**Q** 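Mind having a look at this structure? Questions to follow.
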Amino acid sequence: MVDLRTRPNPPPPSPYRRSRGPLIALVVLAVIGVGVVVFLVANSDDEAPPAELATTPSAVPTTGPATTLDPDAATKAEIIEAYRQSYDAFVAVASDPSGDPEDPRLEEHKVGNALLATQLGIRKLRDDGHVLVVTQNERNPRVVELGPDTAVVEDCGIDVSGVADAETGEIVVPAGPAEGRLVRSTYRVVDGVWKQNSFKATEQACVPPGS
């Protein structure tokens, strides 16, 4: 017969045994995802796990959409700027009653047939006592072909212009409708400078960007 008064007290429960269930769950969830572990630790009623399990996971680096740089971007920008300056020079001379067809500003941006056609057009205005009147000028040039020393520019622009008497200002040729028309120009390098070699205002209608 065992004397219950002398029976040794049972050993206290092991802390490892008491926490075995939550630790096993943490290990399993750690394999699934560290973020899930952190969430469960924050909402658990059991004693806190070791500090290393409760740390916030590092942010996963992300990358944005891949972009491709145009190696010819600088050259195209130079050609587009030459195109705009060429057109501005023509308007400045043609709209001036004393504008000279031999104005050096025209030669800065044009050569060959483009220069000749521009000079002839301005001379015709002067001979008739007329000036160009521009009421709307929207240019949208873009380089569509590019070689080592040649290029092609297409411009879907809106050019609303007419012709007026240089002395009275009376309109003798009214402006056309504000419609997009495609203009095609060729360029070539002359002494290191991009210059317009030819241009043609086509009858092809187009829709300018943003319209």
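This structure is a prediction, so every number in the text was calculated from the model and none was measured.
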**Q** Are Lys124 and Asp128 within salt-bridge range, i.e. N to O under 4.0 Å?
**A** yes
**Q** Work out which heavy atom in Val93 is nearest to a heavy atom in Asp100; give both atom names and the distance.
**A** CG1-O, 3.5 Å
**Q** Using only atom types and a distance under 3.5 Å, with no angle test, would you say the side chain of Asn197 pairs donor to acceptor with the backbone of Thr186?
**A** no
**Q** Nearest 0.5 angstrom please: Glu179 CD to Asp159 CG, how far?
**A** 12.5 Å
**Q** For a 4.5 angstrom cut-off between non-hydrogen side-chain atoms, does Ile122 reach Leu132?
**A** no
**Q** Working to the nearest 0.5 angstrom, can you tell me the gap between Thr202 OG1 and Leu182 CG?
**A** 4.5 Å
**Q** For a 4.5 angstrom cut-off between non-hydrogen side-chain atoms, does Val163 reach Leu125?
**A** yes
**Q** On a heavy-atom basis, which atom in Cys206 and which in Pro208 lie closest, and how many Å separate them?
**A** O-CD, 3.6 Å
**Q** Run the side chain to side chain contact (heavy atoms under 4.5 Å, CB included) check on Glu154 and Arg142 step by step: do they pass?
**A** CA-CA 6 Å; Glu154 287 188 352; Arg142 63 189 183 97; 3.7 Å; yes
**Q** Rounded to the nearest 0.5 Å, how far does CD1 of Ile171 lie from NE2 of His130?
**A** 10.5 Å
**Q** Decide, yes or no, whether a salt bridge links Glu78 with Lys76 under the criterion of side-chain N to carboxylate O below 4.0 Å.
**A** no
**Q** Short question: side chain of Asp72, backbone of Thr75 - any donor-acceptor pair under 3.5 Å?
**A** no
**Q** Work out which heavy atom in His109 is nearest to a heavy atom in Ala89; give both atom names and the distance.
**A** CD2-CB, 4.1 Å
**Q** Any donor-acceptor pair under 3.5 Å linking the side chain of Ser86 with the backbone of Ala82?
**A** no
**Q** Are Val143 and Val193 grouped together when hydrophobic residues (ILVMFWY) are joined by side-chain heavy atoms under 4.5 angstrom apart?
**A** no
**Q** Taking all atoms of both residues into account, what is the closest heavy-atom pair of Glu138 and Pro209, and its distance?
**A** OE2-O, 4.4 Å
**Q** Do you know the tightest heavy-atom contact between Ser198 and Ala114?
**A** N-CB, 3.7 Å
**Q** Charged N to carboxylate O below 4.0 Å: is that the case for Glu102 and Arg123?
**A** yes
**Q** Should Val144 and Val153 count as side-chain neighbours, where that means a heavy-atom distance under 4.5 Å?
**A** no
**Q** Can you find a pair of side-chain heavy atoms, one from Phe199 and one from Asn113, that are under 4.5 Å apart?
**A** no
**Q** Scan side-chain atoms only and decide if Asp155 and Tyr83 contain a donor-acceptor pair under the 3.5 Å cut-off.
**A** yes
**Q** Return the CD1 to OH distance between Ile79 and Tyr187, rounded to the nearest 0.5 Å.
**A** 8.5 Å
**Q** Determine whether Arg184 and Val152 satisfy the following criterion, side chain to side chain contact (heavy atoms under 4.5 Å, CB included), listing intermediate values before the conclusion.
**A** CA-CA 7 Å; Arg184 187 177 178 89; Val152 177; 3.6 Å; yes
**Q** Taking Arg188 first and then Asp149, would you say they form a salt bridge - that is, a charged N and a carboxylate O separated by under 4.0 Å?
**A** no
**Q** On the ring face of Tyr87, is Arg139 found with NZ or CZ under 6.0 Å from the centre and within 45° of the axis?
**A** yes
**Q** Supply the atom-to-atom distance Glu107 CD to Gln119 CD, rounded to the nearest 0.5 angstrom.
**A** 6.0 Å
**Q** Once rounded to the nearest 0.5 Å, what's the spacing between atom CG of Asn137 and atom CG of Asp88?
**A** 7.0 Å
**Q** Do Val189 and Leu146 sit in one hydrophobic cluster, given that two such residues count as connected whenever their side-chain heavy atoms are within less than 4.5 Å of each other, even indirectly?
**A** yes
**Q** What are the two closest heavy atoms between Ser185 and Gln196, and how far apart are they?
**A** OG-NE2, 3.1 Å
**Q** Answer with yes or no whether the hydrophobic clustering places Val91 together with Ile80; edges join I, L, V, M, F, W, Y residues whose side-chain heavy atoms lie under 4.5 Å apart.
**A** no
**Q** Using side-chain heavy atoms (C-beta onward) and a distance below 4.5 Å, is Thr150 in contact with Glu145?
**A** no
